[in-house]
Undergrad: 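Here it is, the structure, as structure tokens.
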Amino acid sequence: MLDVGILKNKKVLYVEDDESIMEAFKSVLQKLFGEVFTAYNGEDGLEIFKKNPNVDFVITDIKMPKMDGLEMAKTIHEIDPAIPCILTTAHAEYDYYLKADAIGVYRYITKPLDIKKLVEALIQYDKIKEN
């Protein structure tokens with residue numbers, strides 16, 4: 001059984017350009033996390049991150065307007081390499097996986113998002129970080 005209670009005091013930035021996916025998943029995240037920040041593109045997501053440096057996790061789509069998720073995650077890691085970024089995509093393209101790995105992305109998850117797998121990854125990261 002997952003102890004999701006440890007996520008209640010965490011803050012997450014969720015970036016997704018598909019409004020229907022954003023709204024559905026945002027409501028799930030709001031039940032799990034203490035605070036949820038959202039953006040519809042990487043450029044806005046990066047600005048939100050800069051204004052909220054106490055974000056604990058970043059979950060982002062890869063393909064988005066203005067700035068894609070890979071570029072946003074890369075820039076976030078330049079600011080704070082310890083922030084775990086999870087990339088989501090509807091396309092399991094190996095090239096994206098290699099790029100994500102090269103910039104230190106914590107996880108690469110294909111859509112549709114499996115909330116249990118996502119929560120397991122976040123809890124696992126949090127436990128590793130505490131040790």
Side-chain angles (χ1 to χ4, degrees):
M1 183 170 201
L2 294 174
D3 180 13
V4 297
I6 65 172
L7 299 177
K8 277 293 182 192
N9 64 343
K10 304 292 182 184
K11 297 176 183 179
V12 64
L13 168 60
Y14 178 51
V15 187
E16 169 63 61
D17 65 322
D18 184 309
E19 191 172 342
S20 61
I21 293 173
M22 164 67 84
E23 291 309 312
F25 202 62
K26 178 182 171 184
S27 67
V28 172
L29 292 174
Q30 288 173 327
K31 292 174 186 171
L32 295 170
F33 288 91
E35 194 165 356
V36 178
F37 302 97
T38 59
Y40 288 98
N41 63 66
E43 192 175 273
D44 292 344
L46 183 58
E47 287 307 309
I48 290 170
F49 179 81
K50 288 177 179 178
K51 291 177 185 174
N52 300 281
N54 56 351
V55 164
D56 297 292
F57 299 103
V58 175
I59 302 168
T60 182
D61 189 17
I62 291 180
K63 292 185 179 181
M64 294 183 294
K66 295 187 181 181
M67 177 187 285
D68 69 21
L70 284 168
E71 185 64 30
M72 184 187 75
K74 180 181 176 193
T75 306
I76 286 172
H77 280 158
E78 289 169 359
I79 297 167
D80 185 349
I83 296 294
C85 293
I86 296 176
L87 294 179
T88 66
T89 183
H91 311 284
E93 296 177 23
Y94 192 65
D95 185 46
Y96 283 131
Y97 176 79
L98 291 176
K99 289 177 183 177
D101 188 53
I103 62 171
V105 166
Y106 175 61
R107 286 283 201 279
Y108 182 91
I109 300 175
T110 55
K111 295 178 186 176
L113 294 176
D114 180 332
I115 189 66
K116 184 178 178 192
K117 285 183 182 177
L118 178 65
V119 169
E120 285 173 346
L122 296 172
I123 290 171
Q124 179 185 24
Y125 180 85
D126 199 57
K127 286 181 180 178
I128 291 168
K129 186 177 165 187
E130 287 178 0
N131 291 330

Undergrad: When rounded to the nearest 0.5 angstrom, what distance separates NZ in Lys50 from CD in Glu47?
TA: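 Atom-to-atom, Lys50:NZ and Glu47:CD are 5.0 Å apart.
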Undergrad: How far does CG of Leu46 sit from CE of Met67, to the nearest 0.5 angstrom?
TA: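 CE of Met67 is found 5.0 Å from CG of Leu46.
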Undergrad: What's the spacing between Leu13 CG and Ile76 CD1 if we round to 0.5 Å?
TA: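 Taking CG in Leu13 and CD1 in Ile76, the distance rounds to 6.0 Å.
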Undergrad: Do Tyr14 and Phe57 share a hydrophobic cluster (ILVMFWY, side-chain heavy atoms under 4.5 Å, transitive)?
TA: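 As far as the 4.5 Å side-chain criterion goes, Phe57 and Tyr14 are connected within one cluster.
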Undergrad: Would you call Leu29 and Ile59 a side-chain contact if the rule is heavy atoms closer than 4.5 Å?
TA: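 Leu29 reaches Ile59 side chain to side chain.
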Undergrad: May I ask whether Ile79 and Phe37 are part of the same hydrophobic cluster, defined by side-chain heavy atoms of I, L, V, M, F, W, Y residues being less than 4.5 angstrom apart, directly or through others?
TA: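 Looking at the clustering, Phe37 is in the same group as Ile79.
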Undergrad: Step by step, would you call Asp18 with Asp61 a side-chain contact (heavy atoms from CB on, under 4.5 Å)?
TA: CA-CA 9 Å; Asp18 184 309; Asp61 189 17; 6.0 Å; no
Undergrad: Is there a continuous path of hydrophobic side-chain contacts, each under 4.5 Å between heavy atoms, that joins Met64 to Met22?
TA: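 No.
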Undergrad: Is there a side-chain contact between Val15 and Ile48 (heavy atoms, below 4.5 Å)?
TA: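 They are not in side-chain contact.
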Undergrad: Using salt bridge (charged side-chain N to carboxylate O under 4.0 Å, His left out) as the criterion, list what pairs up with Lys11, not counting sequence neighbours.
TA: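 Testing Lys11 for salt bridge (charged side-chain N to carboxylate O under 4.0 Å, His left out), a comparison that skips the adjacent residues, returns Glu35.
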Undergrad: Is there a continuous path of hydrophobic side-chain contacts, each under 4.5 Å between heavy atoms, that joins Leu32 to Val55?
TA: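 No, because Leu32 and Val55 fall into different hydrophobic clusters, even though each may have its own neighbours under 4.5 Å.
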Undergrad: Above 12 or not: heavy atoms from other molecules or residues under 6.0 Å from NZ of Lys117?
TA: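 Check fails, neighbour count at 12 or below.
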Undergrad: Looking at CG of Asn41 and OG1 of Thr60, how far apart are the two atoms once the value is rounded to the nearest 0.5 Å?
TA: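 Result: 9.5 Å between the selected atoms.
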Undergrad: Hey, what do you get for CE (Met72) to CD (Glu43), rounding to the nearest 0.5 Å?
TA: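 Spacing of CE (Met72) from CD (Glu43) equals 12.0 Å.
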Undergrad: Has the side chain of Lys74 got a donor or acceptor atom that lies under 3.5 Å from a matching backbone atom of Gly69?
TA: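 No, the answer is negative, given that no donor and acceptor are paired below the 3.5 Å cut-off.
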Undergrad: With a 4.5 Å limit on heavy-atom distance, are the side chains of Leu118 and Phe25 in contact?
TA: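 Result yes, sub-4.5 Å side-chain heavy-atom pair found.
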Undergrad: With a 3.5 Å distance limit and no angle check, can you tell me whether Asp44 reaches the backbone of Tyr40 through a side-chain donor-acceptor pair?
TA: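 It does not hold such a pair.
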Undergrad: If you round to the nearest 0.5 Å, how far is CD1 of Ile83 from NE2 of His77?
TA: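 Spacing of NE2 (His77) from CD1 (Ile83) equals 7.5 Å.
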Undergrad: Over all heavy atoms of both residues, which pair between Asp17 and Lys63 is shortest? Give the atoms and the distance, please.
TA: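 Looking at all heavy atoms of both residues, the closest pair is OD1-O, 3.5 Å.
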Undergrad: In the single-linkage hydrophobic clustering (I, L, V, M, F, W, Y; side-chain heavy atoms under 4.5 Å), do Ile86 and Leu7 co-cluster?
TA: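 Yes; Leu7 is reachable from Ile86 via cluster members.
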